[in-house]
Each structure stands twice: as C-alpha cells, then as structure tokens.
Amino acid sequence: MIECGELRKGIKIEIDGDPYVIVQFSFVKPGKGQALYKCKLKNMINGTQFDRTYRSGEKFIKASLEEREMEYLYFDGDAYSFMDTQNYEQEFLTAGQVSEVIPLLKENTKCLVLMYDGRAIGVTLPNFVELLITRCDPWVKGDTATNNYKPATVETGYEIQVPPFVNEGETIRIDTRTGEYSERVKK
C-alpha cells in the first residue's frame with residue numbers, strides 16, 4: 001500500500017483495476033483542514049488522463065508491474081511486434097502504447113517492455129540508440145560558432161540537430177531520454 005504522503009511524479013498506482021502513473025503532482029496545505037494532494041494521472045493501458053485531488057490519509061494499491069527484456073521485430077500495419085529474448089514468445093503493442101518511442105525505434109533493438117497482469121502495456125528504450133544519418137545538409141563554411149548545429153534525418157525518420165562535422169552516411173548515438181545527439185559512432 002502507498003499512502004498519500006508517498007505520492008510523487010512517476011509513481012505507479014492501481015485504481016479500479018487499471019495501472020496509472022502520476023504525471024504531475026502538487027501538494028497543497030490550506031490554512032484550515034487536511035492537506036490536499038493534486039495529481040494528474042495517466043492510464044497506462046489506454047493513455048487517458050485526468051486530474052484528481054486526494055486528502056491526506058488515503059491509501060492506494062501499488063500497481064504490480066514487471067519489466068521484461070524484449071527485442072523489437074517489426075511493424076505489421078496494426079501492431080508493433082516484440083519478442084521475449086528468453087522464451088521467444090511475441091507480444092504485440094498498438095501505436096498508442098509505443099507512440100513516445102516510435103521516432104527512435106529500430107528493428108532488432110532490445111527494449112524493456114512493461115507488463116501488467118501478463119499483457120504488454122508499454123516500452124522503454126535503452127538510454128542510447130545508434131542510428132544511421134540518411135539526410136544531412138553539408139556544413140556551410142562561414143557558419144558562426146554560436147549556431148553550430150544543423151538538421152539531420154536518421155533512418156527511422158526522426159529529425160535531430162547535429163554538429164557541423166557530422167555527415168550523411170555516418171552513424172550517431174542518440175540519448176533516448178532527451179532525444180538529442182550524443183556522439184558520432186566510430187566504426
């Protein structure tokens with residue numbers, strides 16, 4: 001059980017049999033009465049969000065979630081297929097369930113798939129992914145040092161800002177937490 005005082009952004013709780021994650025959280029202590037905990041909750045299965053206010057003393061059930069290492073295989077037009085690396089079983093996720101990671105999701109990438117009651121509900125990419133640059137404008141001599149980034153497109157279609165020395169056909173490492181360029185991969 002989780003008490004109101006333990007609520008924070010990112011905590012996962014169960015409400016009416018569904019897992020929710022707290023995406024925004026604020027604590028309010030009015031002059032009189034009990035403290036209030038204002039939360040914005042997101043349903044981890046269907047993505048719906050709503051605001052709810054709780055009073056101190058309320059308790060919640062901690063969502064029983066499990067993470068499994070899986071490999072992304074393919075997109076078949078309706079669902080994204082992930083294979084469990086231990087037992088080779090496949091799980092299918094909808095575009096809505098993986099919408100946050102689609103721009104950086106490449107075939108054969110090992111991910112952590114979030115499971116709830118034996119079904120897949122979300123994906124977490126590794127902290128860094130390596131992607132090939134498919135389109136990148138050449139650096140123009142005379143560009144100033146203060147604006148030393150240029151647009152590039154990687155093999156998944158994701159657009160990113162890269163330093164001027166990075167060229168088309170090179171592989172770069174991208175931080176999936178921020179979506180930003182990290183470094184050029186030397187082969």
Q: Could you walk me through whether Leu104 and Thr109 pass the side-chain contact (heavy atoms from CB on, under 4.5 Å) test, one step at a time?
A: CA-CA 10 Å; Leu104 298 173; Thr109 301; over 6 Å; no

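- The shortest non-hydrogen separation linking Cys136 to Val166 is SG-O, 3.7 Å.
- A salt bridge is absent between Lys150 and Asp137: the closest approach of a Lys/Arg side-chain nitrogen to an acidic carboxylate oxygen does not fall below 4.0 angstrom.
- Surrounding OH of Tyr88 are at most 12 heavy atoms belonging to other residues, nucleotides or ligands under 6.0 Å away.
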Q: Assess whether side-chain contact (heavy atoms from CB on, under 4.5 Å) is satisfied between Val129 and Lys106, documenting all intermediate values.
A: CA-CA 9 Å; Val129 293; Lys106 177 182 165 186; over 6 Å; no

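- The distance from atom CG of Leu105 to atom OG1 of Thr156, rounded to the nearest 0.5 Å, is 8.5 Å.
- Residues Tyr158 and Leu131 are members of one and the same hydrophobic cluster, defined by side-chain heavy-atom contacts under 4.5 angstrom among Ile, Leu, Val, Met, Phe, Trp and Tyr.
- In this structure, a donor-acceptor pair under 3.5 Å is absent between the side chains of Thr171 and Glu130.
- By the 4.5 Å heavy-atom criterion applied to side chains, Met70 and Met83 are not counted as neighbours.
- A 4.5 Å side-chain heavy-atom check between Phe82 and Val123 finds at least one atom pair inside the cut-off.
- Between Cys4 and Gly57, the shortest heavy-atom contact is CB-N, 4.2 Å.
- With a 4.5 Å cut-off on side-chain heavy atoms, Leu41 and Ile13 count as touching.
- In this structure, Asp117 CG and Ile45 CD1 are separated by 8.0 Å, a value rounded to the nearest 0.5 Å.
- Of all heavy-atom pairs between Cys39 and Phe25, the closest is SG-CD1, 3.8 Å.
- Counted within 6.0 Å of CD on Glu100, heavy atoms from surrounding residues, nucleotides or ligands total 12 or fewer; the atom is thus considered open.
- Under the 4.5 Å side-chain heavy-atom criterion for ILVMFWY residues, no single connected hydrophobic cluster contains both Ile2 and Ile61.
- Interatomic distance, CD1 of Ile172 versus CD of Glu183, reported as 10.5 Å (0.5 Å rounding).
- Around atom CZ of Arg55, no more than 12 heavy atoms belonging to other residues, nucleotides or ligands sit under 6.0 Å away.
- Under the 4.5 Å side-chain heavy-atom criterion for grouping Ile, Leu, Val, Met, Phe, Trp and Tyr, Tyr72 is not connected to Leu114 through any hydrophobic cluster.
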Q.
Run the ring-ring contact (aromatic ring centres under 6.0 Å, His included) test on Tyr54 and Phe60 for me, step by step, so that the C-alpha distance in whole Å, both residues' side-chain angles and the decisive distance to 0.1 Å come before the verdict.
A. CA-CA 11 Å; Tyr54 297 103; Phe60 307 93; 4.7 Å; yes

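- Side chain of Thr153 to backbone of Thr134: no donor-acceptor contact under 3.5 angstrom is found.
- Closest heavy-atom contact between Gly17 and Tyr116: O-OH, 3.0 Å.
- For Arg52 against Ile15, the heavy-atom pair with the smallest separation is NH1-CG2, 4.1 Å.
- Checking side-chain atoms of Glu155 against main-chain N and O of Leu132 turns up a donor-acceptor pair under 3.5 Å.
- Scanning both residues, Pro19 and Ile121, for their nearest heavy atoms gives CG-CD1, 4.1 Å.
- No path of Ile, Leu, Val, Met, Phe, Trp and Tyr side chains, each step under 4.5 Å between heavy atoms, connects Leu112 with Val101, placing them in separate hydrophobic clusters.
- Looking only at side-chain heavy atoms (C-beta outward), Asp18 and Met44 stay at 4.5 Å or farther from each other.
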Q: For Phe92 and Tyr80, run ring-ring contact (aromatic ring centres under 6.0 Å, His included): C-alpha distance rounded to whole Å, both residues' side-chain angles, the deciding distance at 0.1 Å, then the answer.
A: CA-CA 5 Å; Phe92 296 92; Tyr80 291 82; over 10 Å; no

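- Separation of atoms OG (Ser56) and CG (Leu7) is listed at 11.0 Å; rounding is to 0.5 Å.
- At a threshold of 4.5 Å between non-hydrogen side-chain atoms, the residues Ser81 and Phe75 do not count as touching.
- Using a 30° and 60° split on the angle between ring planes, Tyr20 and Phe50 fall in the perpendicular class, above 60°.
- Atom CZ of Arg177 is separated from atom CG of Leu125 by 11.5 Å, given to the nearest 0.5 angstrom.
- Separating the CG atom in Asn167 from the CZ atom in Phe165 is a distance of 9.5 Å, to the nearest 0.5 Å.
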